[in-house]
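Only a predicted model underlies this, so the values are computations on that prediction, with no experimental measurement involved. Whatever order the structure lists them in is the order used to number ligands and atoms, beginning at 1. Note: hydrogens, waters and symmetry copies are ignored here, and every other heavy atom, side chains too, is used.
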Amino acid sequence: MLQAQRAARRVLGRGRLTLAGTNIVGLEGLVCRPYSDTASFPYETKETLDISVARSRGVDVLHDPVFNKGTAHPLVERERLGLRGLLPPRVLSMEQQKARAMDRYWHGQDYIDPSQIESGGVTHEHTRKWLYLQELQDRNETLFYRLLCENFVEMAPIIYTPTVGWACMNYHKLYRRPRGMYFSANDRGEMASMVWNWPHENVDAIVVTDGSRILGLGDLGANGLGIPVGKLDLYVGAGGFNPGRVLPCVIDVGTNNELLRNEPWYMGLKQPRLHGDSYYEIIDEFVHAVMGRWPKAVLQFEDFNIEHAAPLLERYRYSHCVFNDDGTAATAVGGLYGAMAVAGKPPSALADQKFVVLGAGSAGMGVVSMIAQGMVKQGLSPEEASSRFHVLDHHGHITHKRPNLEPHVRPFARKDDSPEGEPFLEVVRRVKPTALIGLAGAGRLFTPDVLKLMAQYNERPIIMPMSNPTSKMECTHEDAQKYCEGRAIFASGSPQPDVQLNGKLCAASQANNMYIFPGLAMGAYLARGNIVTDGMLMAAAESLADMITPQELAAGRVYPNMNKIRDISLNVALETMKAAAEEGHLHNPHAMRELSRGDDHLRRYIQKHMYTNLTLKPEGYFPCLNNSS
Ligand SMILES: NC(=O)C1=CN([C@@H]2O[C@H](COP(=O)(O)OP(=O)(O)OC[C@H]3O[C@@H](n4cnc5c(N)ncnc54)[C@H](O)[C@@H]3O)[C@@H](O)[C@H]2O)C=CC1
Ligand SMILES: CC(=O)C(=O)O
Ligand SMILES: [Mg+2]
């Protein structure tokens, strides 16, 4: 130990060293070589104990190639250097790192299963671009976000669905450098201090997943972090959040994905998922920790399995500024108003529609209940509105005869004599819906037979396969138009190309919550009301259709062109804040004053707070916001 002290003294110089006895574990800044505090390094002799003292802490250590050991930093060192939460939970040995590096050395990207790439609607071109953008983001965020803002339509499918789905499936193999924060079941009791390891003082938006339902790809455990990372890139590019003030997080409570648990380089906890009280204790601790440090931040729960998605929203929605995937409903409703306009009908025609919805999960039931709210706004009673829906899950048609119905599904379980568990095709044949919505995440369930029936019953059938990524969508645009004779009004969760059919151009739209979430989050954040209400979501939804141009409508597009995403998000934020004001949740005095002068003033106020990376100023970029804090 004396050797260690002497070596440390040499590096730090006199007067800077604070050693407590011989406890080098407690010495802040000390990075031990070899890789573990106890392991033996082949070249080490008794005479040359190889230790170094890092003058930096936290991310600075991870970004310094001399001191960085990546996933091999042992737990004591993570603690000492303020790295806890900044690295994936599983500590890899140098042997494991070596094997991983050699594999990469010999094979490059070739180890990634090509069938996985093609089946997901993701090509090698997509993955190459994802890798490049990731590398760029790691070294120059200003340039990365400038490119993203200026090429949003081109790059959104790379940083987000569908390519991000492939990236999450392979996150443990693609891993180069950490981004965001990892909280795990092993961090119980530590989270409130861990959050202080995040290097940025201000955080305005947090997106968190527990990795349990990543897109339609199921349980991807700690690999799920790729989704909050991608989502927050949209928050910045589309919604104008400052990249230095967003925080992607994963809460690793284990994974039930055995394939992943058996992967040698999987970086999450190799244990089955926690459930019940132990699960909620961890989420509670996380929420209190992040909200304790950043009380004004918006917190979005992303891609939680149905078992926890609805209960978690219910748990926090009245005390914190939170929303989750069921906010996708606003996108669906906005698109349906667009569909009414494309069909030459007024918004009130929403109340005349009949829906068959595949998927009774968090997103599906959110969508159903918000469309029903929209119908009530158009004059139907709640009972009439709920009678317009036929909802199916993997057991088939859901009726009141179904035992153990979840509370959020119950209002939409059929109360008539519809057969319980009836298959999808039979339901469509019997009900003759005007619109199909797919949120099952189970692949091509809108079969040619189903699509042909829709064409038979409707002049303009509304076909919305909203599941992600492309491999899990209920049908492709090409099939929808082919089997609906080019008459489908089409919008899908992941991007689809326009289709030429018999010389006619059939337009595809993308029904994805990226149209709503960045603007909604910005509006909710600036409102400072500490809440996201159904009214705010509905206002956001209604603002979408207003932005579609007559040309876009004539082409059959149910959403405004994504190349206007900043303007769209600005409008969504504006309407969100106005709705907050109406409900008494606009607490930001500056925004209140601007709104009292008129919509244009509030619009300018929001615009002023949106990040444009013309100057590099990560902290304090929003001077007005700091004044209003
Ligand atoms: N376009 C968008 O913006 C969004 C799309 N989604 C997509 O929606 C899908 C579902 O998400 P969640 O509702 O959160 O998942 P979830 O796991 O909560 O629900 C899935 C539902 O689909 C049902 N289901 C599964 N297989 C089925 C089958 N063969 N037939 C009928 N129903 C079946 C399940 O029973 C369950 O009710 C995912 O693919 C996700 O990517 C989710 C949020 C936003
Ligand atoms: C888009 C999205 O949030 C999802 O597929 O889960
Ligand atoms: Mg999602």
Would you tell me which option among [options] has the nearest heavy-atom contact to [atom]?
| atom | options | result |
| --- | --- | --- |
| atom 23 (C) of ligand 1 | G359, G493, S467 | G359 |
| atom 22 (O) of ligand 1 | A440, G441, G364 | A440 |
| atom 2 (C) of ligand 2 | K231, M466, Q300 | K231 |

Between [X] and ligand 1, which residue portion shows a heavy-atom distance shorter than 4.0 Å: side chain, backbone, both, or neither?
| X | value |
| --- | --- |
| N513 | both |
| L445 | side chain |
| A511 | backbone |

Going by heavy atoms, is R213 under 4.0 Å from ligand 2? yes

Would you say ligand 1 has an N or O under 3.5 Å from any N or O of [X]?
| X | result |
| --- | --- |
| S362 | yes |
| N468 | yes |
| A442 | no |
| L358 | no |
| A360 | yes |

Ring-plane angle category for F241 and Y235, please: parallel below 30°, perpendicular beyond 60°, tilted otherwise. tilted

From [atom1] ([X]) to [atom2] ([Y]), nearest 0.5 Å:
| X | Y | atom1 | atom2 | result |
| --- | --- | --- | --- | --- |
| Q353 | I437 | CD | CD1 | 10.0 Å |
| N324 | L313 | CG | CG | 4.5 Å |
| Q496 | S509 | CD | OG | 11.5 Å |

What part of [X], side chain, backbone, both or neither, has a heavy atom within less than 4.0 angstrom of ligand 2?
| X | value |
| --- | --- |
| I227 | neither |
| T328 | neither |
| Y160 | side chain |
| T161 | neither |
| Q510 | neither |
| E302 | side chain |

Going through the distances and angles, do T255 and Y266 end up as a side-chain contact (heavy atoms from CB on, under 4.5 Å)? CA-CA 11 Å; T255 175; Y266 176 60; 3.9 Å; yes

Here the atoms of ligand 1 under 4.0 Å from any heavy atom belonging to G361 are 13 (O), 16 (P), 18 (O), 19 (O), 21 (C), 36 (C), 37 (O)

T328: numbered ligand 1 atoms lying under 4.0 Å from its heavy atoms: 2 (C), 3 (O), 4 (C), 43 (C), 44 (C)

Proximity flag R213 to ligand 1, non-hydrogen atoms under 4.0 Å: yes

I'd like to know whether ligand 1 has T331 as a neighbour, heavy-atom separation below 4.0 Å. no

Do the side chain of R402 and the main chain of N404 share a donor and acceptor less than 3.5 angstrom apart? no

Just to confirm my output: which protein heavy-atom neighbour is closest to atom 5 (C) of ligand 1, and how far is it? M466 O, 3.2 Å

From the options T533, L520, T328, select the one residue that forms a side-chain contact (heavy atoms from CB on, under 4.5 Å) with F323. L520

